[in-house]
Amino acid sequence: MGSYYDIDAILTDAQKVPCTFDLDMPGLGYLDENAGGDIKAGTRVSLPLWLSTLLAVQRLGPSSQPLCTLDLPASISPRVLAALKAGPKTVDLRQLTSHYYELAARVLELFEEEEIVDVLSETFKERAAEIADHAHNPRGALGEAQDFLRGLDEMERQLFRSAHDSSNAMREWMGETKKKR
């Protein structure tokens with residue numbers, strides 16, 4: 001988790017994720033658009049990550065079950081993972097969620113899904129190489145690369161900006177070095 005003041009961490013925690021209530025919860029119907037009502041066991045609702053995480057680990061007694069079960073969000077569903085395995089560069093992560101990797105990391109803190117971790121690691125490595133290629137190419141943000149760059153999540157956009165800025169700084173330094181000779 002990021003710093004308390006980190007806007008990316010705040011936006012990640014605000015992402016809605018599905019969870020299923022395991023117990024009847026009186027008076028919490030407003031979470032399921034049923035003001036004044038109750039939530040019945042088995043009801044599936046989408047809640048902000050920060051709230052669903054708290055409810056998933058909260059127990060009413062020492063031997064009771066959790067209040068709800070956190071489900072994997074659609075952005076890391078088997079369908080999306082299959083698409084990432086097939087071609088990581090073709091998936092528009094920003095359309096799934098603007099903070100894709102941060103959300104996945106937070107959710108995977110609660111799940112032991114090694115396959116998902118492996119798929120996301122390989123996805124990041126392959127996409128990072130493509131991002132670096134576009135960042136170091138002076139024309140990298142033009143043409144067919146625009147669609148790829150539009151689909152970057154926030155972490156990838158920061159990576160692109162850093163690589164692009166370092167490439168520009170290197171070119172500037174190289175120009176100054178040549179002038180001194």
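Quick note: residue numbers are just sequence positions, from 1.
Leu49 and Val117 end up in the same hydrophobic cluster when Ile, Leu, Val, Met, Phe, Trp and Tyr side chains are linked at under 4.5 Å. No continuous path of hydrophobic side-chain contacts links Val107 to Leu11 [ILVMFWY only; heavy atoms under 4.5 Å]. Under a hydrophobic clustering in which Ile, Leu, Val, Met, Phe, Trp and Tyr are joined whenever their side-chain heavy atoms come within less than 4.5 Å, directly or via other members, Leu103 and Val80 fall into the same cluster. There is no path of hydrophobic side-chain contacts, each under 4.5 Å, that joins Val57 to Ile39. The same ILVMFWY cluster, assembled from side-chain heavy atoms under 4.5 Å apart, contains both Leu28 and Leu51.
Between Thr53 and Glu109 there is no side-chain heavy-atom pair separated by less than 4.5 Å. Asp118 places none of its side-chain heavy atoms less than 4.5 Å from the side chain of Glu122. Here the side chains of Gln58 and Cys68 are not in contact, with every heavy-atom distance at 4.5 Å or above.
Note that CG of Leu47 is 6.5 Å distant from CG of Leu55, once rounded to the nearest 0.5 Å. Remark: Arg106 CZ to Leu108 CG distance equals 11.5 Å, nearest 0.5 Å. In this structure, NE2 on His99 lies 10.5 Å from CG on Asp13, to the nearest 0.5 angstrom. One distance of note links CD1 of Ile76 with CD of Glu113; it measures 8.5 Å at 0.5 Å rounding. Rounded to the nearest 0.5 Å, atoms CD (Glu114) and OG (Ser121) are 9.0 Å apart. A distance of 8.5 Å separates CG in Leu152 from CG in Leu159, rounded to the nearest 0.5 Å.
Shown here for Ser167 and His136, the closest heavy-atom pair between the two residues is CB-ND1, 3.2 Å. Annotation for Val119 and Lys85: closest pair CG2-CE, 3.4 Å, computed over non-hydrogen atoms. Contact detail for Asp92 and Arg150: the closest heavy-atom pair is OD1-O, 4.3 Å. Taking all atoms of both residues into account, the shortest heavy-atom contact from Cys19 to Leu70 is CB-CA, 4.1 Å. Between Arg157 and Leu149, the shortest heavy-atom distance links the atoms NH2-O, 4.1 Å. Residues Pro18 and Pro73 approach most closely at CD-CA, 3.7 Å, considering heavy atoms.
In terms of modelled atom types and a separation under 3.5 Å, the side chain of Asp38 and the main chain of Lys40 share no donor-acceptor contact. Although no hydrogens or angles enter the test, the distance criterion places no donor-acceptor pair under 3.5 Å between the side chain of Ser98 and the main chain of Arg94.
Annotation: Gln95, atom CD; neighbour count of heavy atoms from other residues, nucleotides and ligands within 6.0 Å does not exceed 12.
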Show your working on side-chain contact (heavy atoms from CB on, under 4.5 Å) between Leu96 and Val91 and close with a plain yes or no.
CA-CA 9 Å; Leu96 296 171; Val91 179; 4.1 Å; yes
Evaluation steps, side-chain contact (heavy atoms from CB on, under 4.5 Å), between Leu31 and Phe21:
CA-CA 11 Å; Leu31 293 175; Phe21 278 86; 4.1 Å; yes
Determine whether Glu115 and Leu81 satisfy the following criterion, side-chain contact (heavy atoms from CB on, under 4.5 Å), listing intermediate values before the conclusion.
CA-CA 9 Å; Glu115 180 187 358; Leu81 294 175; 5.9 Å; no
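For the pairing with Thr97, the side chain to side chain donor-acceptor pair (under 3.5 Å) check across Lys16, Glu154, Glu102, Gln15 returns one residue only, Gln15. Checking Thr43, Thr69, Asp71 one by one against Thr20, the side chain to side chain donor-acceptor pair (under 3.5 Å) holds for a single residue, Asp71.
No salt bridge links Glu130 with Arg127; every basic N to acidic carboxylate O contact stays at or beyond 4.0 Å.
Ring orientation note: the planes of Tyr101 and Phe124 are nearly perpendicular, at an angle over 60° on the 30°/60° scale.
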